[in-house]
Amino acid sequence: MITRFKTRTLALAATLCCTVAAASAADVKPRLIRFGYGLNEDSVQGRAARHLAQELQKISDGKLKMKTFGSASLGSDEQMQGALVGGVQEMMVGSTAPLAGMVKEFGMFDLPFLFNSEKEADAVLDGPLGQDLLKKLEAKGLVGLVYWENGFRNLTNSKRPIVRAEDLQGIKLRVMQNQIALGVFNALGANAVPMPFSELFTALETRTVDGQENPITTIQSSKFYEVQPYLTITRHVYTPWVVLASKKWWDGLSADEQRLIRQAAASSRDFERKDSRADSQKAMGILESAGMKINTVSEQEVARMRQTVQPVVDKYTQELGPELIKQLNDEIGKARN
Ligand code: TK8
C-alpha cells in the first residue's frame, strides 16, 4: 500500500520534473560559442575558461557548447573586442585596459597604488561602480558579464634589479595599451612602449623591449622567467579581466539562454578568483626555483613612487571625472574598514 503510494508520487514527481525541464529546454537552442583569451591553456585564464565551458554545458543539458581558444589564437584583446562588436565572435575574456579606448572610465583601474588587497578590488568590481562600468559597454556593442582576477602587477626586466624608481631610467618597458599606463611608467622614468600582450614574449626574447609588468601568475604561466632575469615586487596596480559577450549576438539569445550564460559566468568568476589566489603562491615558488633574482621595493620607495606619479593621477582624475574617482575612493574606503 505504502509502496504503491510512494511509487505513484514518484511517478508524478518525475512527470512534473520533466515537464518543467522540457519547457525550459524549449528556450535553449543548440549553440556553439567561441570564447577567446590571451594566456595559454595552462594558466589561470585557461583553467577558468574550461570551467566556464563545462559549467555551461552542464546547466544547459549540453545545448550551449563553448569552444575555448587560448594564446590569443583568435587575436589580441583589442582585436577580439572588435570581433565581438562586429558580431563575428561570441565571447572572450580580456583586460580592462584596452577597453578604455571605448569607455574611458575603465582607465581608472590603471591608476597606480589604488587597491591594497584583493578583497578591496572584489568589493569595488562587484559593487555599484564596477557594475555601472559594465553597463556602459552595451552602448558600444559589448555585454560585460563578470570580472575575473588578473591581479597585482609586478615588474620584470633583463637589465637590473629595480630598487628605486631611478633604476627604471632607460628601460624599455612594455605597457598595456592605454594612456594612463603609458603616462605612469614614463613618469617613473622608463621608456614605456604600448604593445598587445600577444606580441610580448617575442619582444622580450628579441630584446625589442627590456621589461614588462604583470601578475606573478602570468609571469610564471607565460614563462617570462626564461627571458627576464629580474623580478621586482611592486604591486603597483591591480588590474582585472572582464568576461565579455558580443551584444549583436547576445540580443539574439532567449532570456533563458542569457540567464544560463550569466549563471555559468558567475560560477567561473568564483572559481577563477580562488584559483588565482592559490596559484599566485605556487607561481612564486616556481619563479624562485627558476633562478629569477627577486627583490621587493621598500615602503619608503613605494611612497616616493606614489609622489612621482601623482601628477599623472591628478591629470587623469580630471579627465575621468573627479566625482567618479571620489566614488571609487569612497568604495575602496568602505571595503578597507
Ligand atoms: C592577456 C592580457 C594580459 C594583461 C596584459 O590577453 O596585457 O599585460 O595583463 O593578461 O589581458
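Every number for a ligand or one of its atoms is a count from 1 in the order of the listing.
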- Sequence neighbours left out, what passes salt bridge (charged side-chain N to carboxylate O under 4.0 Å, His left out) with E257? Give chain and number order.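 Counting only residues at least two positions away or on another chain, E257 forms a salt bridge (charged side-chain N to carboxylate O under 4.0 Å, His left out) with R31.
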- Task: Determine, using the 4.5 Å side-chain heavy-atom cutoff (strictly less than), whether L155 and Y225 are members of one ILVMFWY cluster.
- Result: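 No.
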- Query: Between F106 and Y147, how do the two ring planes meet: parallel, tilted or perpendicular, split at 30° and 60°?
  - Reply: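 Rings of F106 and Y147: tilted, as their planes differ by 30° to 60°.
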Looking only at distances, can you tell me whether any N or O atom of [X], backbone or side chain, sits closer than 3.5 Å to an N or O atom of ligand 1?
{"X": "R153", "answer": "yes"}
{"X": "E213", "answer": "no"}
{"X": "W241", "answer": "yes"}

- Query: Do the side-chain N and O atoms of T96 and W241 include a donor-acceptor pair separated by under 3.5 angstrom?
  - Reply: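 Note: T96 and W241 side chains miss the donor-acceptor criterion.
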- Pair K119 + D122: basic N to acidic O under 4.0 Å: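 No, no charged N to carboxylate O under 4.0 Å.
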Under 4.0 Å from a heavy atom of [X]: which atoms of ligand 1 are those, numbered in the order shown and with their elements?
{"X": "R174", "answer": "5 (C), 7 (O), 8 (O)"}
{"X": "G38", "answer": "6 (O)"}
{"X": "D77", "answer": "1 (C), 2 (C), 6 (O), 11 (O)"}
{"X": "M176", "answer": "4 (C), 5 (C), 7 (O), 8 (O)"}
{"X": "S95", "answer": "2 (C), 3 (C), 4 (C), 9 (O), 10 (O), 11 (O)"}

- Which bit of N150 gets closer than 4.0 Å to ligand 1, counting heavy atoms only: side chain, backbone, both or neither?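 It is the side chain that touches ligand 1; the backbone stays farther off.
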- Task: Could you establish whether N214 and ligand 1 come within less than 4.0 Å of each other, counting only heavy atoms on the residue side?
- Result: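 So N214 counts as touching ligand 1.
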- Would you list the pairs meeting side-chain hydrogen bond (donor to acceptor under 3.5 Å, both in side chains) in which at least one residue belongs to residues 203-214, sequence neighbours left out?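 Sorted pair list: R153-E213, R153-N214, T156-Q212, T206-T208, Q212-N214, E213-H236.
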- Message: Tell me whether K274 forms a cation-pi arrangement with F271, defined as NZ or CZ under 6.0 Å from the six-membered ring centre and within 45 degrees of its axis.
- Response: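 The answer is no, since K274 fails at least one limit relative to F271.
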